[in-house]
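Everything on this sheet refers to the single structure shown next.
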Amino acid sequence: MTKKILVSGAGGFIASHVVEKLLAQGHDVIGTVRNPTDSKKNAHLLDMAGAAEQLKLFAADLNDADPFNAHADVDCIMHMASPYSVNVKDPQKDLVDPAISGTISMLKAASANPRVKRVVLTSSMAAITDEPDGRVLTEADWNTKSSLTRNPYYFSKAKAEQAAWDFMKNEKPAFDLVVINPFLVVGPSHTSQINPSNQVLADIVNGAYPAIMALTWGFVDVRDVADAHIAAMQTADASGRFICASATMDMAGVIDIMKKNGYARAKLPKIRLTGAIGTMIMKLASLTQPAGVGSYLRTHLGRVPRFNNAKARSDLGIWFRDVEGSIKDSLVDLAKWGHIPPAQG
Ligand code: NAP
């Protein structure tokens, strides 16, 4: 059945894949962006198949009071807008405030509209863990360690998701809340704007990393994250949180894939600092980095995240793409947009 769906931050890396899929399924989409009259920034949305008939864009800034109220006469809401940056000047003002107030504003708007049956909130693995500690993480885990000075982006995601669950408990609205918690999202982008997650891959190719470090990421493909959002909307008995991640891969593994796919002669890091001493050196070096990057490195170097994605597979029916394929597709896309050089022979 065709539905009307509100997608906040509709032009974003993940959200634009969600919008594309919703339009392809014949749904009407109300997309919020910061500036709907910016035809250049919104071109990727406006040019999508079905957009002319099914997509309407409206302005909503998370820093405004009640940005979503006028647009919430819909069947379902995907709240995806949230500031995503590892380094900011003022973590409270630039990350935490808009993440929380935007989420609460959206939930209030949903409460005021009896038509809304479900809100799907894009949270993050950052709301589940601040630093991997060897345990297998599940949806029962919460990040309680981040702060304004330690992984502040993580702090903003944990606080915003917690605020959403508190709202549901205290207000008992008529709709239900389903939360998607993706790990590092990579894959093709609808725009030339590079997302901080794909930036990790571009930085490795472009020589921004001084050495091969003991960093391991949980990867997930943006197309699978979009499918998870849509399944969360369409699966009547979906409930709670969903870890959205395929598998982990360390930096050495990522570099091997890059070498096999035309980047053997790129500026890939060569010195291996993955052992205990190397990790100690890199932790010391992290003190010279901007605060956000520094705290990320100190909490992640030498640690391997472990997680269980069974709930997303069983309840939402998501079959996660393998990491190697997602990284290959990301490299092709990053080269297409000019973020990395073209692959060579
Ligand atoms: P993105 O492209 O930066 O998307 C973030 C969206 O939020 C953009 O549309 C952005 O609008 C919007 N936004 C930020 N600040 C805003 C403000 N003050 N007012 C209105 N809109 C604002 O990044 P993404 O990866 O697609 O992120 C989408 C969601 O997924 C976010 O909630 C993010 O925390 C979450 N997430 C991402 C990852 C990942 O690895 N990429 C992993 C886990 C969770 P502009 O385009 O105008 O800036």
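One-based numbering, in listed order, for ligands and for the atoms of each. One is the number of the first residue; the rest follow in order along the sequence. The structure displayed is predicted, hence computed values, not measured ones.
- Residues satisfying the side chain to side chain contact (heavy atoms under 4.5 Å, CB included) test with T235, not counting sequence neighbours, are A231, D237, A238, L316.
- Checked against the 6.0 Å centroid criterion, the rings of F13 and H190 do not qualify as a close aromatic pair.
- To the nearest 0.5 Å, atoms CE (M80) and OG1 (T32) are separated by 11.0 Å.
- Taking P305 as the reference, P132, F183, T216, T248 meet the side chain to side chain contact (heavy atoms under 4.5 Å, CB included) condition, with sequence neighbours excluded.
- Both cation-pi conditions hold for K311 and F242: the charged atom is under 6.0 angstrom from the six-membered ring centre and inside a 45 degree cone around its axis.
- Residues with a heavy atom under 4.0 Å from ligand 1: G9, G12, F13, I14, R34, K41, A60, D61, L62, N63, M80, A81, S82, P83, Y84, T122, S123, S124, Y153, K157, P182, F183, L184, V185, N195, S197.
- In this structure D322 satisfies the salt bridge (Lys or Arg N to Asp or Glu O under 4.0 Å) test with no other residue, sequence neighbours excluded.
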